[in-house]
Number of protein chains: 2
Amino acid sequence: MTGASTTDRGLPNATVARLPLYLRALTQLRATGSATCSSDQLAEATGVSSANVRKDLSHLGSHGTRGVGYDVAHLQAEIAQAIGQTQEWNVVLVGAGHLGKALAAYPGFASRGSRIVAVVDADPKRLGEQVVDGLVIESADDLDEIVRDRAVSIAILATPTHAAQDVADRLVAAGVTSILNFAPVALRVPDGVDVRQVDVAAELQILAYHEQRKSSPREEAVSG
Amino acid sequence: MTGASTTDRGLPNATVARLPLYLRALTQLRATGSATCSSDQLAEATGVSSANVRKDLSHLGSHGTRGVGYDVAHLQAEIAQAIGQTQEWNVVLVGAGHLGKALAAYPGFASRGSRIVAVVDADPKRLGEQVVDGLVIESADDLDEIVRDRAVSIAILATPTHAAQDVADRLVAAGVTSILNFAPVALRVPDGVDVRQVDVAAELQILAYHEQRKSSPREEAVSG
DNA sequence: GTGTGTGAAATAGTTCACAGCA
DNA sequence: TGCTGTGAACTATTTCACACAC
């Protein structure tokens with residue numbers, strides 16, 4: 001079976017996770033003036049195999065031209081449509097510590113479909129502080145109002161670990177249905193709410209595992 | 001086939017990616033004074049299914065006790081061993097912008113096996129600036145020396161996008177064999193070098209895809 | 001009873017390899 | 001001739017379900 005039933009428009013998760021990469025690559029290609037590109041070029045630019053690129057794009061029902069490749073502008077528009085980049089998504093950022101401020105200042109969101117419309121923090125001492133042009137730290141008590149008034153559906157959680165679950169509960173109660181969580185804790189959320197986890201220390205631990213294997217002596221042919 | 005041949009000690013990648021979660025959960029359990037725990041408890045704490053927990057742990061050749069569960073301290077030690085947390089890993093952080101500084105200040109690395117031993121930046125104006133107790137921004141020109149003298153094998157890349165590939169090349173040349181890359185670009189590295197990618201904007205785009213599906217009208221039973 | 005360990009089944013994802021169209 | 005689109009094969013991962021040890 002194909003991983004998505006005939007009646008729903010759903011793409012395989014693995015494909016969805018790669019669409020942003022293709023979009024990035026296409027934007028670059030477009031800037032260089034290329035009108036078309038092959039699956040090999042996209043593979044080169046994204047680190048995905050070319051067969052995998054073609055399979056992914058075929059899930060979009062996309063139309064490349066045999067012998068030629070894909071029309072860059074057209075494919076870009078198709079992917080943008082598929083992942084909802086035809087609109088901007090309003091995001092609330094919770095937690096204005098070092099990481100929160102760094103994320104608030106990150107210039108890469110706007111060009112990729114997301115806009116941080118509020119930064120909130122629980123610490124009264126931080127209220128009113130300007131983190132970046134047009135963004136002033138607001139009170140976490142106003143989350144409900146902010147989420148509703150500014151049509152927020154996505155939140156970034158950059159709070160201390162101990163506060164994360166509580167904040168998540170309040171975000172969900174206020175109507176947020178997607179959370180990007182930087183706190184190293186598994187959030188419990190109701191069905192219908194998506195959580196994606198970014199755990200930098202865990203990433204390093206995964207790398208450490210492979211490092212350890214690289215340096216340990218080869219052990220082959222145990223029995224033959 | 002099992003995904004790892006009999007002759008190599010390798011764990012499935014999916015399992016490796018979850019070991020840090022189990023370790024985190026076990027550390028917490030230990031703090032609460034629990035001497036043993038069941039796969040259900042670990043499942044609860046990590047968001048992984050209990051069957052999956054048991055399968056993962058069985059790959060370690062781990063010994064739980066039927067009817068009882070796992071010995072928390074013992075399992076913790078076994079996982080720590082498996083992912084190389086019996087030693088500390090020295091990490092160089094490249095790029096001391098907002099994100100780099102936030103990462104340098106992050107307190108969660110030390111307790112999870114990694115230590116940032118240097119922060120470097122290409123901007124001469126930043127040299128000498130103290131980012132955190134004991135860490136002063138050094139010149140990117142000294143990367144070679146730093147990597148060699150401080151036994152660094154893992155690097156965190158928090159540079160602007162346009163500089164990332166160049167820095168990666170130099171890191172690899174200096175002997176780094178694992179890179180955690182925050183720049184939104186697919187790094188080209190030789191075989192034997194591991195790269196893990198963190199792309200926050202892409203994460204938001206993935207969430208946006210699911211948001212879009214939630215709000216769009218249900219389309220079911222196309223034909224019957 | 002209780003909860004692990006594990007084959008077997010089910011599902012998900014990737015790669016192969018080639019027909020077919022420009 | 002070049003490159004897409006895709007069934008089929010392969011590989012990876014998760015879930016099931018239950019024998020077995022405590």
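Proteins come first, then strands; the chains are lettered A, B, ... in the order of their sequence lines, and each starts at number 1.
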query = Do A:Val152 and A:Leu171 have side-chain heavy atoms sitting under 4.5 Å apart?
reply = no
Under 4.0 Å: is that the gap between some side-chain N or O of A:Asn52 and OP1 or OP2 of C:dT15? yes
ask   = Does B:Tyr70 reach the side chain of B:Leu26, with side-chain heavy atoms less than 4.5 Å apart?
value = no
A:Asp56 atom CG is separated from D:dG5 atom P, nearest whole Å, by 12 Å
Separation of D:dT4 atom P from A:Leu75 atom CG, nearest Å, is 11 Å
note: B:His59, atom NE2; C:dG5, atom P; distance rounded to Å ~ 12 Å
**Close side-chain approach of B:Val167 to B:Leu157, heavy-atom, < 4.5 Å** = yes
When A:Gly67 and B:Arg54 are each assigned the nearest nucleotide of DNA chain C, the 5'-most assignment goes to B:Arg54
Contact check, residues 16-51 of chain B vs DNA chain C, heavy-atom distance under 4.0 Å, returns B:Ser38, B:Ser39
Closest to the 5' end of DNA chain C, once B:Ser58 and A:Thr65 are matched to their nearest nucleotides, is B:Ser58
Checking A:Glu211 against B:Ser178: is there a side-chain donor and acceptor pair closer than 3.5 Å? yes
B:Leu11 CG to D:dA12 P, in whole Å, measures 14 Å
Judged by nearest nucleotide, the residue sitting upstream toward the 5' end of DNA chain D, A:Lys55 or A:Val68, is A:Val68
Take B:Tyr22 and B:Thr46 through the side-chain contact (heavy atoms from CB on, under 4.5 Å) test and state the conclusion after the steps.
-> CA-CA 7 Å; B:Tyr22 301 141; B:Thr46 57; 3.9 Å; yes
Separation of D:dT14 atom C1' from B:Leu57 atom CG, nearest Å, is 15 Å
B:His63 NE2 to D:dC20 P, in whole Å, measures 18 Å
Discussion item. Is there a side-chain contact between B:Tyr70 and the phosphate of C:dT2, meaning an N or O under 4.0 Å from OP1 or OP2?
Written reply: no
Subject >> B:Arg112 and A:Asp199 ion-paired at < 4.0 Å >> reply: yes
- Item | Pair B:Arg188 + B:Asp169: basic N to acidic O under 4.0 Å | no
When rounded to whole Å, the CZ to P distance for the pair A:Arg66 and D:dC3 reads 14 Å
Winner on side-chain proximity to A:Pro12, out of D:dC18, C:dG13, D:dT6, is C:dG13
